[in-house]
There are 4 protein chains.
Amino acid sequence: MPGSPPPPAPEVNVARKPGRPRSEEAHGAILDAAIQLIREVGYDALTMDAIATRAGVGKATVYRRWSTKETLAAEAVERIMRAIPVPDTGTVDGDLRRMMRNTLDMYRDPASGALLSGLVAAMARSELIARTIRSGFVGVRRAALRQVLERGVARGELRKGLDYDLVLDLLVGPLSYRFLITGGPVDERLARGVVDAVLRAFAPKD
Amino acid sequence: MPGSPPPPAPEVNVARKPGRPRSEEAHGAILDAAIQLIREVGYDALTMDAIATRAGVGKATVYRRWSTKETLAAEAVERIMRAIPVPDTGTVDGDLRRMMRNTLDMYRDPASGALLSGLVAAMARSELIARTIRSGFVGVRRAALRQVLERGVARGELRKGLDYDLVLDLLVGPLSYRFLITGGPVDERLARGVVDAVLRAFAPKD
Amino acid sequence: MPGSPPPPAPEVNVARKPGRPRSEEAHGAILDAAIQLIREVGYDALTMDAIATRAGVGKATVYRRWSTKETLAAEAVERIMRAIPVPDTGTVDGDLRRMMRNTLDMYRDPASGALLSGLVAAMARSELIARTIRSGFVGVRRAALRQVLERGVARGELRKGLDYDLVLDLLVGPLSYRFLITGGPVDERLARGVVDAVLRAFAPKD
Amino acid sequence: MPGSPPPPAPEVNVARKPGRPRSEEAHGAILDAAIQLIREVGYDALTMDAIATRAGVGKATVYRRWSTKETLAAEAVERIMRAIPVPDTGTVDGDLRRMMRNTLDMYRDPASGALLSGLVAAMARSELIARTIRSGFVGVRRAALRQVLERGVARGELRKGLDYDLVLDLLVGPLSYRFLITGGPVDERLARGVVDAVLRAFAPKD
DNA sequence: TCCTAAGCGAGACGGTACGTCCAGTCTTCGT
DNA sequence: ACGAAGACTGGACGTACCGTCTCGCTTAGGA
């Protein structure tokens, strides 16, 4: 047929490997099982045997994909904490409030809350997991927050020359600190107090 | 708070237990061994056998006092992070700067830094350990910091009606957040930025 | 019924178990290590750790096969005391003498002697071990001895209507009794005395 | 002072200073507890702690008297197997039958039977216990039996020049062998068969 | 249609740490 | 000075988990 594109042959260069291909079903089942188990028993009581059994999979099938418990746990955790919307309400105050509420929800949901605890335990023990989390879940959130701040500076709501990392940590640090360390209430009052304080501290100089 | 007065001699009615009393020497030796080993090999590679051997003590003697590795580690850490001076430089700014520097040192000292990571892991897993740490090491620091803030309010350097918990978390949260989560620099710049922001945000209203 | 199908050939349905089969090499290595160690350090100083180490095997591999030290020791002993020839010299007297010498050798060999002591201890404590030993090592010897006696009766060297169990115990009991209880000499003189006494006592009535 | 009367010392003969009156009482209580426990749980599961607790005594009090578990167990066992009457019915046959019945009773009584099993286990493991048992319980019975045989020889019921040890072992070995090794019936039929065989085998030559 | 290679579930493998239990000793207090 | 009570060191116990290694079997290309 004239004008028709050349036959796609999309796999021409893909160099098919011989042998039975890896089961995507097993892959997903393992990750799901790992996530469930981290929530149920925590990172420390997590065992590869339990993951394999729960996933209905042999241990070798797990190790074929992730060479250690760490790498598996890191990916399991990464998988459920991905996209975060960057709000755009027109004001820094509105945007920050919305993002803080989002974060609040995450801490307060027992599902993700328990996971977060396990995560911190895992990061404290594994540099690999720490890096994975930092570049994934944490990085994404920070980038979104930073965008909000940058827009605020551009609009003149925040002073120029902001130390973004400082402001980011001032916004997020208190919540994580309460959650992990003091066990105090992680609630609207805290969120609002933090946002207000930051906005006061970094309002344009005049 | 350190130096609390002795309770009103409750020993009067304390029925002496029969049998050989527990050896305080062994107690201390175990704790010391645990601390050494955490520093040497890390929290994860810590084993009860190694602790017992290093302390020159039978394993039963360890387990008689601490039923799990975590409880032992928690107390070991507690022991080296006790007293904290409440500075009094005459200004909130000076006091806070001094306390932040103190905290900074703690995070930067490899010895206590490594402990802190393990500690958070332990707290995430064990409510008991969490309570121990909160009422000990964390509580002491918060109380000292609060005292500084209260003096600042009294002197008119900070606004009245402060939400102390909020301010405390704004001061301390960013440091712990960087240390545990982002892995960013925990340095003078951060400390100074945090103190300045807090002072600006909570300066007297007029 | 003619044309009836062949017997169900039980092996046909023997469902193969999934998973890696147990290693016969490990099995043998453990048994060998156990025997060596019993000989070297005795039954009491025998430890499962030592057996596993000597066999180059994990402890779990040992416990997967033998749930206690006794069952392992029983089988270890069983393994080295298996076949016994049934002599045929033409006379009961000759046959018995030969078998007694064989038994004598067993008691006098330090290797098997030490095992025997431990074995009796184990039998006294465990009905399972007792049954294992009785149906194996003991049973084989009794069957052989009984065959000798039956031939003697057939040849008219022993009286008809023998109580075989009685004669068997008269032949073997004194040796084991000396070995285990009195600690007296288990030697040719004893063996010969026993055989002579039994032949006199059970000679044909006329 | 010479000539002066002795100080009144009112309690001197009244027995019992405080703290010490239980000395002999404790001794017996320990032995009794040991015997009970050997019967209940066997020699292997016997623990010094259990003995001390059962006896209402401190462990040190036990070790003050017996330096090891072995020595205590040996004495405990010895204590209940002491005297045995030497019968004198006028004939070897009658005497032996009576003694065999006595032995039979011992094996068949569950109380002493269980103890015997533990005993053999203990002898197999401890040369000290073996010696104690041989010179005590076993020795006494053998001496009694020997006396019976000697009288039989004197009366002409048995041939001269008997190998007493041989005859003793022929009489007693089969019973102990059945009890310990084969698990066969230890009954009147066996006893009678043994006695008859021995009398036939060692009857006077003519 | 068969062959070859890699996948699969199952579970045994060597190792290491766990938390418990005992033997035999030592230390406290009470009598 | 002896008693009960119980903590002490040391070391074996039997269990659990890690990461690896077989088993017998499926599942795909390529011959």
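Keep in mind that the numbers below use all heavy atoms, side chains included, and drop hydrogens, waters and symmetry copies. Residue numbers start from 1 in every chain, and the chains themselves are labelled A, B, ... in the order their sequence lines are given, proteins ahead of strands.
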Sugar-phosphate, base or nothing in reach of C:S23, heavy atoms under 4.0 Å: sugar-phosphate
Closest non-hydrogen atom pair between B:L180 and A:R134, with its separation: O-NH2, 3.9 Å
Between F:dC13 (P) and C:L72 (CG): distance, integer Å: 11 Å
Distance test, side-chain N/O of B:R65 to OP1/OP2 of F:dC8, below 4.0 Å: yes
Minimum heavy-atom distance between D:L31 and D:E75, given as atom pair plus value: CD2-OE2, 4.0 Å
Nearest atoms (heavy-atom pairs only) where A:D49 meets A:K59: OD1-NZ, 3.4 Å
Heavy-atom check, side chain of A:M48 versus side chain of A:V62, under 4.5 Å: yes
Spacing between A:R22 atom CZ and E:dG9 atom P, to the nearest angstrom: 12 Å
B:T68 versus B:T71, closest heavy-atom pair with distance: O-OG1, 2.8 Å
Compile the donor-acceptor pairs under 3.5 Å between side chains in residues 21-29 of chain B and protein atoms, sequence neighbours left out, one pair per line.
| from | atom 1 | to | atom 2 | distance (Å) |
| --- | --- | --- | --- | --- |
| B:R22 | NH1 | B:R64 | O | 3.2 |
| B:S23 | OG | B:E25 | N | 3.3 |
| B:S23 | OG | B:A26 | N | 2.9 |
| B:H27 | ND1 | B:R65 | NE | 3.1 |

Minimum-distance pair of heavy atoms, taken over all atoms of B:W66 and B:I30: CZ3-CG2, 3.5 Å
Strand-adjacent residues in residues 24-32 of chain B, judged by heavy atoms under 4.0 Å from DNA chain F: none
C:T61 vs A:A52, nearer the 5' end of DNA chain E by closest nucleotide: A:A52
Contact pattern, 5' to 3', of nucleotides 18-25 of chain E - B, S or - by protein heavy atom under 4.0 Å: SBBBSSBB
Closest heavy-atom pair and its distance - B:L46, B:A34: CD1-O, 4.2 Å
